[in-house]
Amino acid sequence: MKGGRLILGIESSCDETSAAVLRDGRQILGHVILSQDVHRIWGGVVPELAARAHLTVIDEVVDAALDEAELELEDVDAIGVTTGPGLIGALLVGVSWAKATAFALDRPLVGVHHMEGHLFAPSLEDPAAEPPFIALLVSGGHTLLLHVPEWGRYRLLGQTRDDAAGEAFDKVAKLLGLDYPGGPEIERLARSGDPARHRFPRPMLRGNQTPGDPDYWDVSFSGLKTAVSIRVAEVEEAGRLDEERPHLAAGFQAAVVDTLVSKTLRATEALGVPRVLLGGGVSANGPLRQEMRARLGPDGKVFHATPRLSLDNGAMIARAAHFHLDAGRIAPPELTANAALPFPGLTDARSE
Ligand code: KG4
Ligand code: ZN
């Protein structure tokens, strides 16, 4: 089906190869997400294997998305691609493919920051998911608390001092002997656990903090992971790991959720913006969504994508590319991947 502006979005920053065709920034015509199961064997993403797997499947993934949209590559008006942050070898596969294709077809190319893509994901399904809002971006590599007055303006309120929220889920899952990725495994196991049985610390969360304190907004998860690992060792020593596993998962998840929700609500209150957008893989977590909604109250609004669009995907990249294309931000021919790409439009609210 032709008509409207068609953007092909490509995502290959970690272990999902994904392509989507988006019409006019809203309508997903075709979307394929291929997860690389090979990393399960190793209990985490192996960068070299990720890059090779992207290279093997990227043509097929794009073809499948175009087939679903009943379009040819030539019908596409522009290409958006994740240029970072992420694994450099993995990113380079998508960026090289997109550059070569945009050049061959003579179409504009737009580079997209992966985390900005996550910010746009909820708006693909809910037209109300527009700024102003407080964004909590929680993925395997990042944990960011942002004030977003408008698209393209991102005020950093807080971030993690060490591990990202998703990384904490993955590491604790490993301690508990669960598969990678750990987040969904912990969520599943925690359903049959009692979160009060093992009470873990809420890092950087104390009632006497004030907004001027450096740790008022930031989070830290490495101490929590250590606390869980000590408890796991004790329980294992007592030969009770099997029966305690669901309770340990529930206690850990409750600590992460409480910390993330409390920090986010500090922001909604301080800025008078009772609108929260959850993005990134960890935003697929049911208890996080429920607790955010419950504690924000009936006058607030919580936006998040469905789980499929919360995880890494090409549609959110196409959506962000649509925004940048409207602003005329077309990538130069020398565009390249950057494993540590700075977030475009990000300013540090704490030094304003
Ligand atoms: O955004 P994402 O798909 O990839 C990155 O950009 O990193 O996030 C992946 C992270 C992993 O750490 C994974 O364990 C976590 O998101 N995750 C979850 C859930 N689903 C995925 N964490 C908690 N609960 C979930 N249901
Ligand atoms: Zn991601």
Side-chain angles (χ1 to χ4, degrees), residues 9-18 20 33-37 39-40 43-45 47 50 54 81-87 90-91 94 112-122 135-144 159-160 163-176 178-191 193 195 219 221 224-225 228 249-250 252-261 277-292 304-317 319-320 339-341 343:
I10 305 288
E11 157 63 36
S12 74
S13 67
C14 192
D15 57 346
E16 268 89 28
T17 319
S18 180
I33 306 170
L34 197 65
S35 284
Q36 303 175 352
D37 282 345
H39 307 292
R40 282 179 184 264
V45 178
H54 286 303
V81 64
T82 305
T83 55
L87 304 169
L91 287 164
V112 174
H113 188 282
H114 180 80
M115 298 311 290
E116 193 182 25
H118 278 303
L119 265 187
F120 276 99
L136 176 68
L137 291 182
V138 273
S139 72
H142 299 264
T143 303
L144 298 168
Q159 59 188 328
T160 181
D163 293 349
E167 193 179 354
F169 270 97
D170 295 336
K171 286 180 174 171
V172 166
K174 212 169 188 172
L175 287 172
L176 293 173
L178 306 173
D179 278 346
Y180 174 86
E185 295 284 315
I186 290 194
E187 180 177 356
R188 184 183 48 75
L189 198 61
R191 279 188 206 123
V219 295
F221 292 115
L224 171 60
K225 176 199 64 197
V228 177
F252 162 75
Q253 181 175 257
V256 175
V257 167
D258 186 16
T259 305
L260 291 174
V261 172
L277 180 135
L278 300 176
V282 182
S283 75
N285 186 270
L288 174 63
R289 295 170 169 194
Q290 287 143 22
E291 193 164 323
M292 192 70 80
H304 57 71
T306 52
R308 179 169 159 85
L309 293 184
S310 300
L311 301 170
D312 291 351
N313 68 85
M316 68 184 196
I317 303 304
R319 174 71 187 86
L341 187 70
F343 204 128

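Both ligands and their constituent atoms are indexed starting at 1 by order of listing. Numbers here are sequence positions counted from 1.
Looking at L277 and L119, their side chains come closer than 4.5 Å, going by heavy atoms from C-beta outward. For the pair I186 and L178, the minimum side-chain heavy-atom distance is below 4.5 Å. Two residues are said to be in side-chain contact when any heavy atoms from C-beta on lie closer than 4.5 Å; L189 and Q253 fail this criterion. Between L137 and T143 there is no side-chain heavy-atom pair separated by less than 4.5 Å.
Atom numbering of ligand 1 starts at 1 in the shown order; those under 4.0 Å from a heavy atom of G182 are 14 (O). Near H114, meaning under 4.0 Å from one of its heavy atoms, ligand 1 places the atoms 6 (O). For ligand 1, the atoms lying closer than 4.0 Å to a non-hydrogen atom of G166 are 12 (O). Close approach of ligand 1 to G141 is summarised as follows: ligand atoms under 4.0 Å from at least one heavy atom of the residue are 7 (O).
Where the criterion is an N or O separation shorter than 3.5 Å, residue side chain and backbone included, S310 fails it with respect to ligand 1. Between M115 and ligand 1, not a single N/O pair is under 3.5 Å apart. Residue G183 has at least one nitrogen or oxygen atom sitting less than 3.5 Å from a nitrogen or oxygen atom of ligand 1, judged on distance alone. The shortest N or O to N or O distance between G281 and ligand 1 is below 3.5 Å. Ligand 1 has an N or O atom lying under 3.5 Å from an N or O atom of G140, backbone or side chain. Checked by distance only, ligand 1 and E16 stay at 3.5 Å or farther apart across all their nitrogen or oxygen atoms.
Closest approach of H142 to P85, counting heavy atoms only: NE2-CG, 3.5 Å. When all heavy atoms are compared, the tightest approach of G141 to A164 is C-CB, 3.5 Å.
Of the possible polar contacts, none joining the E187 side chain to the P184 backbone as a donor-acceptor pair under 3.5 Å is found. With hydrogens and angles disregarded, a donor-acceptor distance shorter than 3.5 Å links the side chain of R289 to the backbone of S283. In terms of modelled atom types and a separation under 3.5 Å, the side chain of N313 and the main chain of L311 share a donor-acceptor contact. Under the 3.5 Å distance criterion, the side-chain polar atoms of Q36 are matched with a main-chain donor or acceptor of A50. Not a single donor-acceptor pair under 3.5 Å links the side chain of S13 to the backbone N or O of G86.
Around the Zn ion (ligand 2), protein N, O or S atoms at less than 2.8 Å comprise H114 NE2, H118 NE2, D312 OD1.
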> Can you check side chain to side chain contact (heavy atoms under 4.5 Å, CB included) on F120 and V112, steps first, answer last?
Replying inline: CA-CA 11 Å; F120 276 99; V112 174; over 6 Å; no
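Using a 3.5 Å distance cut-off with no hydrogens or angles, the side chains of H114 and D312 do pair a donor with an acceptor. No donor-acceptor contact under 3.5 angstrom links the side chains of R40 and S35, judged on distance only.
Not a single heavy atom of C14 sits under 4.0 Å from any atom of ligand 1.
Under 4.0 angstrom from ligand 1, the non-hydrogen atoms of H118 all belong to its side chain. Counting heavy atoms closer than 4.0 Å to ligand 1, residue D170 contributes side-chain atoms (C-beta onward) but none from N, CA, C or O.
The protein atom (non-hydrogen) at minimum distance from atom 15 (C) of ligand 1 is V282 CG2, 3.9 Å. Protein heavy atom nearest atom 2 (P) of ligand 1, with residue, atom name and distance: D312 OD1, 3.2 Å. For atom 26 (N) of ligand 1, the nearest non-hydrogen atom of the protein is E187 OE1, 2.7 Å. Atom 24 (N) of ligand 1 has as its closest protein heavy atom N285 ND2, 3.0 Å.
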